[in-house]
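Read the structure below first, then the notes.
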Amino acid sequence: MNKKNSVFIATSLDGYIADKNGGIDWLHSIPNPNNNDLGYVEFTKNIDALVMGRTTFETVCGFDIDWPYKKPVFVLSNTLNEMPESYKGKAFLVKGSLHEILEQIHHKGYYRLYIDGGATIQSFLKEDLIDEMLITIIPIVLGGGYPLFSELSKELEFELIESKIFLNQMNQNHYKRKDR
Ligand SMILES: NC(=O)c1ccc[n+]([C@@H]2O[C@H](COP(=O)([O-])OP(=O)(O)OC[C@H]3O[C@@H](n4cnc5c(N)ncnc54)[C@H](OP(=O)(O)O)[C@@H]3O)[C@@H](O)[C@H]2O)c1
């Protein structure tokens with residue numbers, strides 16, 4: 001089975017994934033009367049599991065909705081010692097280096113992973129462990145917040161394989177890591 005680590009995320013024009021207060025209401029600033037999912041369902045069809053940072057996990061837990069994921073969610077955290085009771089069987093705590101974590105997840109039979117959360121994506125990029133990124137750009141300049149990207153010790157080249165426009169306002173670019 002081919003291993004793949006994918007990102008599906010929305011950013012502001014200035015590259016933030018959450019505002020200065022961690023807020024994401026601006027993600028819904030473009031009217032979307034027919035609830036266009038911006039390709040999310042199609043993307044998740046080819047995903048076996050999610051790997052998510054603790055902050056993103058806690059954000060999702062704070063939404064007033066049922067648990068939104070049908071696939072297992074592996075939560076990276078060095079501070080959480082146990083999954084809250086209500087998430088047991090849906091979300092699983094993982095610890096260690098990214099290589100150790102990936103080995104554990106692959107060993108369970110999940111190979112195509114959706115990597116979510118700013119700091120988490122940054123740490124995967126630092127180890128050149130991201131294979132593709134679908135980035136939807138919302139036309140707003142936030143002026144600060146949680147960045148998608150951070151400094152890296154080397155450049156990582158991607159190629160654009162598809163570009164789509166949603167709701168006449170949002171540009172979604174699908175990038176694939178060039179062969180290493
Ligand atoms: N725009 C979008 O589409 C989108 C998508 C996802 C999230 N968000 C937003 O982005 C914000 C969260 O982003 P974030 O940058 O705080 O990051 P994050 O990746 O969600 O969470 C970071 C946390 O993950 C834990 N962690 C453990 N091992 C790690 C490792 N190797 N690398 C990185 N993190 C590790 C740490 O928690 P411990 O302190 O417990 O060790 C760390 O503080 C939230 O506001 C969320 O709503 C937006």
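Atoms within a ligand are numbered from 1 in the order they appear, just like the ligands themselves.
- At a heavy-atom cutoff of 4.0 Å, ligand 1 is surrounded by I9, A10, I17, A18, G22, I24, L27, G53, R54, T55, T56, T59, L76, S77, N78, T79, L98, D116, G117, G118, A119, T120, S123, Y146.
- Taking 4.0 Å as the cut-off between side-chain N and carboxylate O, D128 and R177 count as a salt-bridged pair.
- Taking 4.0 Å as the cut-off between side-chain N and carboxylate O, E82 and K88 count as a salt-bridged pair.
- The existence of a salt bridge linking R180 and D131 is confirmed by a sub-4.0 Å separation between a basic side-chain nitrogen and an acidic carboxylate oxygen.
- By the 30° and 60° cut-offs, the orientation of the rings of Y40 relative to F43 is tilted.
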Kindly list each side-chain donor-acceptor pair under 3.5 angstrom involving residues 16-26, sequence neighbours excluded, with atom names and distances?
{"unit_1": "D19", "atom_1": "OD1", "unit_2": "N21", "atom_2": "N", "d": "2.9"}
{"unit_1": "D19", "atom_1": "OD1", "unit_2": "G22", "atom_2": "N", "d": "3.1"}
{"unit_1": "D19", "atom_1": "OD1", "unit_2": "G23", "atom_2": "N", "d": "2.6"}
{"unit_1": "W26", "atom_1": "NE1", "unit_2": "G23", "atom_2": "O", "d": "3.0"}

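- In this structure, the ring of F57 has its center less than 6.0 angstrom from the ring center of Y87.
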